[in-house]
Amino acid sequence: MLALLFLWLLLAATTFAAPSPRQNCCQVPASALSLPSNQSQLTSPTSAPSFVALAVGVQNYTCTPSNTFTSVGAVAELFDISCLNGQQQFSNIQKCAYDIWSNSSDTTISELITTLHDTLGLNVLGEHYFISNPDGSLNPKFDFTSSGSTAGNPNAFVVAAKVGDIPAPTGSDDVDWLELKNVSGELATEVFRVFTVKGKPPTSCTPGSQPTSKYTAQYWFFGGSF
């Protein structure tokens, strides 16, 4: 299966000129992020993003005694895609990555990281996960302290809170698009989750079960000290 995954990506890499592996992000204009115009929940940013990342990971759920799913966070690797801006695959890379991720049940995150780096020149920016608060609530954290140009900087993270939420324009099977504001950390003042692919819970809910659902998305980071 991994060999087929490599072949698929190699074909994609020959179709579109792949960037050289890099450690620093490329500049992306603010106009590159286009949000739906028929909504008021997500506010279009006016500045250029600091980082643009492809997320590959899972959404986590718990089935409650009332047979409904509750989100209990997510875990994802974040890849720098800023240097793909202006190329055809920039707008579709999350779909390609999802096809690889969902069709390769025996492919680990480590193998996927190597594949995306070797074939498309994508480097890991950091990790996305959730942290618990004293009251039991959860907040998303984006942690860039271990990878890339921000590695070793203890302030290269952002803990955020949701301030805007719309159903994904891409389809009912895709998790919502979000606008997040900084709670702590210096990585960004604002984060958008957009261009989501899948990630919704399964249709069948067994109380006590804790299913995961694979997803991909783009995360756009604005402001911050980096």
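Small disclaimer: the values here were computed from a predicted structure and weren't measured. Heavy-atom basis, side chains included; hydrogens, waters and symmetry copies ignored.
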I'd like a table of donor-acceptor pairs (distance under 3.5 Å, sequence neighbours excluded) in which one partner is a side-chain atom from residues 40-55, with atom names and distances.
unit_1	atom_1	unit_2	atom_2	d
S50	OG	G223	O	2.8

Donor-acceptor pairs under 3.5 Å, side chain of residues 193-202 to any protein atom, not counting sequence neighbours: which ones?
unit_1	atom_1	unit_2	atom_2	d
R193	NE	D176	O	3.0
R193	NH2	D176	O	2.7
T196	OG1	V175	O	2.6
T196	OG1	W177	NE1	3.4
K200	NZ	S172	O	2.7

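S132 places a side-chain heavy atom less than 4.5 Å from the side chain of L138. The side-chain heavy atoms of I81 and Q218, taken from C-beta on, include a pair separated by under 4.5 Å. Put simply, the side chain of E77 reaches to within 4.5 Å of the side chain of I113, judged on heavy atoms.
Cation-pi check for K141 over F130 is not met; the charged atom does not lie both under 6.0 angstrom from the ring centroid and within 45 degrees of its normal.
Listed by chain and number, the residues in a side-chain contact (heavy atoms from CB on, under 4.5 Å) with D135 are N133, S137 (sequence neighbours excluded). Applying the side-chain hydrogen bond (donor to acceptor under 3.5 Å, both in side chains) test to Q59 and every residue at least two apart in sequence or in another chain returns nothing. Residues that satisfy the side-chain contact (heavy atoms from CB on, under 4.5 Å) test with S66, not counting sequence neighbours, are T64, T68. Listed by chain and residue number, Y129, T145 satisfy the side-chain hydrogen bond (donor to acceptor under 3.5 Å, both in side chains) test with D143 (two or more places apart in sequence, or in another chain). Looking at residues two or more places apart in sequence or on another chain, you find no side-chain hydrogen bond (donor to acceptor under 3.5 Å, both in side chains) involving N182. D165 is linked by a side-chain hydrogen bond (donor to acceptor under 3.5 Å, both in side chains) to K162, counting only residues two or more places apart in sequence or in another chain. The side-chain contact (heavy atoms from CB on, under 4.5 Å) test applied to S34 returns no partner, not counting sequence neighbours. In this structure F222 satisfies the ring-ring contact (aromatic ring centres under 6.0 Å, His included) test together with F192, sequence neighbours excluded.
Screening residues 144-226 for disulfide bond (SG atoms under 2.5 Å apart), with sequence neighbours left out, gives C63-C205. Listed by first and then second residue, the salt bridge (Lys or Arg N to Asp or Glu O under 4.0 Å) pairs involving residues 178-192 are E179-K181, K181-E190 (not counting sequence neighbours).
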Applying side chain to side chain contact (heavy atoms under 4.5 Å, CB included), run through D174 and Y215 and close with a yes or a no. CA-CA 8 Å; D174 303 332; Y215 89 110; over 6 Å; no

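To the nearest 0.5 Å, the span separating CG on N38 from CD1 on I166 amounts to 7.5 Å. One finds the CZ atom of F69 at 6.5 Å from the OG atom of S204 (value rounded to the nearest 0.5 Å). Atom-to-atom distance recorded for L122:CG and S82:OG is 9.5 Å, nearest 0.5 angstrom. For the atom pair NZ (K214) and OG1 (T212), the distance works out to 8.0 Å, reported to the nearest 0.5 Å. Taking CZ of F221 as the start and CG of L180 as the end, the distance is 9.0 Å to the nearest 0.5 Å. Remark: F144 CZ to L187 CG distance equals 5.0 Å, nearest 0.5 Å.
The hydrophobic clustering, which links ILVMFWY residues whose side-chain heavy atoms are closer than 4.5 Å, places V28 and I93 together. Linking Ile, Leu, Val, Met, Phe, Trp and Tyr whenever their side-chain heavy atoms come within less than 4.5 Å leaves Y98 and Y61 in two separate clusters.
A pairwise comparison of heavy atoms in V158 and A188 identifies CG2-O, 3.4 Å as the closest pair. Residues S147 and V124 approach most closely at CB-O, 3.4 Å, considering heavy atoms.
Under a 3.5 Å cut-off, the side chain of S209 and the backbone N or O of T206 do form a donor-acceptor pair. W220 places no side-chain N or O within donor-acceptor distance of the main-chain N or O of V191, the cut-off being under 3.5 Å.
Ring planes of H128 and F142: parallel class, angle under 30° (limits at 30 and 60°).
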